[in-house]
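To keep things clear, I will list the structure first and then write my remarks on it.
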Amino acid sequence: DLVPKEHLLRKIDAAVDFDKIYEMVEELYCEDNGRPSIDPVVLVKMVLIQHLYGLPSLRRTAAEVEVNVAYRWFLGYSLQDETPHFSTLSYNFKHRFTSETVDKIFAWILNEIAEAGYLSPSAVFIDGTHIKANANNKKKLREEVPVASKRYAKELMKEVNADREEHGKKPFDDDDNNKPPRSSKPNKNTSKKKLERRKKMKTVTKSVTDPESGLFVKGDHKRQFAYEAHTACDKHGYILETVVTPGNVHDSVAFDDVYDKVTEKFPEVETIVADSAYKTPHICKKVFDDNRVLSTAYKRPMTMKDGHEWWKYVYDEQYDCIICPEYHTLEYSTTNKDGYREYKSNPEICKNCPTRHLCTHSKDCVKVVQRHIWKDYEELADDARYTPEYADLYKRRKETIERVFADAKEKHAMRYTHYRGLAQVSNLVRLKFAAMNLKKFAKRKWLDNYPSNLFDFILLSCSNFTKTPTFASA
């Protein structure tokens, strides 16, 4: 009687059957050995309370459960019963309940939502948000690590070789990637990025306190060690999947993991909505080859500052050449290992060009324009951007995936993490998103079951709004 009928925990208790947790953790307990344990349902509910109300730690959660009547009712404890100690809760979620258990809890809540008919995975919104790591920014070191190969490297190389053979070029050998870098001095015009790529090593900044986190550097943001939660949700804001990576992993690199998991669970996905960071040749090809549509934003081409606009270089598909702003042709030269066809100008023509200063600063007077072999898929994404249906879907990002991240950080304490290590942070994020799904589901189900309560609430709000204020007489 002390807990209001419209309390959030009452709605949650009525929305799902927590007895299913026993099936998930049955193999983690021994039936005929050891002393009686704390009810696993109680442990899971306590962690859900932590994430539902944005409590910063398990210690704080255990302290709040001890004095809060609503929390006690939700766990099944009377006012006189002793509640579990925080160390019991912490030990179980660190040593007994593994990542598989957390995945089962996340999937169970999502299945409950799907069975109720509240999921709408036809359009999936994907984005990433950073979570500040529990790491000292001053305790760091620089380390050389090998460059990770692209997941689609074999597929790309196969099409690159086919394109080279079509143009009469010799295909690349598989052994070329394993050859040591040349000992000869590089050309003076070779960029630093190309030199680092040839070394196949890169220098990264690693934290001493949390080596699995990554240094996050973006625009005016403060440089800090962080993790990133790459997340997918539907148009109602229900989180369908999340993958946590170090903070220095680009959104487009983690896309494959999120996309594959979502499409495996929900093959009815028709549209992927993402920002311009995901507009890469590989992602466009992957989505459109699966007979789906990528709805994304405009991505500004990276061209020379104060030079010719990118659209002045026109690709002629019939003759396979580029026409420059002065109406001269740039002929095909080669296809590099990154999948870009290189078109080069005639230096004899460029020497006397009146707008050469707007085109190239090359000492050899050679203009190079690159076009990816999968550029046609990017153009399909551009076509979708101008379609009213997909343009409207992209506008809904602010009320779907962006709203999910805003709620997670403002209401559920996901701006930073006390945990260290990728596995612990992944469990934290998945449990937090599971709690957010449960909260949204319980509220929606309660309104469907008791629509009169919503009507009474609207009437009460309107009456309070229209009531004439009274002022004290002098």
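The first residue in the sequence is number 1, and the count goes up from there. Excluded from the calculations below are hydrogen atoms, water molecules and symmetry mates; all remaining heavy atoms, backbone and side chain alike, are included.
Salt bridge K439/D407: absent, no basic N to carboxylate O contact under 4.0 Å. A salt bridge links R371 with D376: at least one charged nitrogen is closer than 4.0 Å to a carboxylate oxygen. Salt bridge annotation for E165-K170: absent, with no cationic side-chain nitrogen under 4.0 angstrom from a carboxylate oxygen.
Annotation: W374 is not in aromatic contact with F288 [ring centroid separation under 6.0 Å not met]. Remark: aromatic rings of Y416 and H418 are close, center separation under 6.0 Å.
In the displayed structure, K344 atom NZ is contacted under 6.0 Å by at most 12 heavy atoms of other residues, nucleotides or ligands.
Between Y313 and H308, the two ring planes are perpendicular [angle over 60°; tilted spans 30° to 60°].
A side-chain donor from one of R292 and Y259 sits under 3.5 Å from a side-chain acceptor of the other. At a cut-off of 3.5 Å, with distance as the only test, no side-chain donor of D234 or Y118 sits close to an acceptor on the other residue.
Both tests hold for R96 against Y29: distance to the six-membered ring centre under 6.0 Å, angle to the ring axis within 45°.
The side-chain heavy atoms of N134 and T209, taken from C-beta on, include no pair separated by under 4.5 Å. Looking at V208 and K206, their side chains never come closer than 4.5 Å, going by heavy atoms from C-beta outward.
Put simply, the residue from R164, K285, K337, K154 that forms a salt bridge (Lys or Arg N to Asp or Glu O under 4.0 Å) with E159 is K285. Among R397, R396, R403, the single residue meeting the side chain to side chain donor-acceptor pair (under 3.5 Å) criterion with E399 is R396. Put simply, the residue from V244, T129, D251, V243 that forms a side chain to side chain contact (heavy atoms under 4.5 Å, CB included) with E228 is D251.
Residue Y394 comes nearest to A297 through the heavy atom pair OH-CB, 3.2 Å, listed as atom of the first residue, atom of the second, then distance.
K11 places no side-chain N or O within 3.5 Å of a backbone atom of L447 that could act as its donor or acceptor partner. In terms of modelled atom types and a separation under 3.5 Å, the side chain of N336 and the main chain of Y340 share a donor-acceptor contact.
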